[in-house]
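When a ligand or atom number is given, it counts from 1 through the structure's own listing order.
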Amino acid sequence: MVNFGVLVSTSVLFVVFGLCLVSCDITDGNAEHLKREHSLMKPYQGVGSGHSSQWDFWGSTLVTNSYVRLTPDERSKQGSIWNTVPCHLKDWEMHVQFKIHGSGKKNLHGDGIALWYTKDRLHPGPVFGNQDQFLGLAIFLDTFRNDLHGMDRSFPFISAMVNNGTLSYDHGKDGRSSELGGCSVEIRNKDHETYLAIRYSKGRLTVMVDVDDKNEWKECIDIGGVRLPTGYFFGASAATGDLSDNHDIVSMKLYQLMVEHTPEEESQDWTKIEPSVSLLKSPKDNIDDPTGNFRGTPLTGWKVFLLLLCALLGIVVCAVVGAVVFQKRQERNKRFY
Ligand SMILES: [Ca+2]
């Protein structure tokens, strides 16, 4: 029975190790790794003023002491805020605290917020207040359904798009033809704080939301094969049309993820990478088959945990069976004497 004890304690160790791996895999959030030059935080001192400013803003954007309002709850407004410092981190995670609120009742509000990691900054245009045919990554928090044929999903809808400068965002179809993945989330008029996290690491793009006041991240998008260069800019923009909302950014905090790369990866010029996604199918086909997005991505935290749990159960069963067989044999041996 000593063997059984050793086996159990070994497996418990494995599980504890596994749990650590899982928790380490989830949101970094480590204050040491916060990059202030890419973060926008209260009370937004120095935003938009002087040469040393790390954030510029445009349009209807209003900076107060407790939030940055990209648009007020008024028709036909556009605003944006942009980091002036290009980001040279290979692996990062951006945490955005936002607040979308207004007097518009159900479905009578719009249009939403877009979060950007792009080559160009401060280029107003038709995509949530920013230019179309952009180079880089966009995450859309689309609060208004434009496409009346797309009733299979509810709004607000969060989606991701990677563009090499050739694609257009189809506003009339809520960007469906170019989206890489997405999820429906209730994000308007919440009394509690609402957050979104974008993680880009080793070609994997993950978007998570924390909007239920439970202080936990829920996965919204997780796709592999995403290639983004370094040296792009972070930004946020919002627009209203015939319908409106207050689109507020409370904070944008960028964390560096400590990830090792192969010498081959390190020797590459990351600023020369063209934004792309190597999906097995075209992004459009992935709409009805969200699992298609997960192909070729590493195991997620809970999968690792499940595997370890199965392994532990297997070991325990083997140990019990082994112990019983051992005991039976001992008894049989006793009988022989
Ligand atoms: Ca829309």
Distance flag, aromatic centroids of His261 and Trp270, threshold under 6.0 Å: yes

Salt-bridge criterion met for Asp56 and Arg121 (N-O under 4.0 Å): yes

Shortest-distance N, O or S atom of Asp174 relative to the Ca ion (ligand 1): OD1

OD1 (Asn146) to the Ca ion (ligand 1) to OD2 (Asp142) angle, given to the nearest 10 degrees: 160°

Residue Phe157, metal the Ca ion (ligand 1), N/O/S under 3.0 Å: no

CZ-OH distance between Arg227 and Tyr200, expressed to the nearest 0.5 angstrom: 7.0 Å

Pairwise ring-ring contact (aromatic ring centres under 6.0 Å, His included) hits with a residue in residues 36-57, at least two apart: none

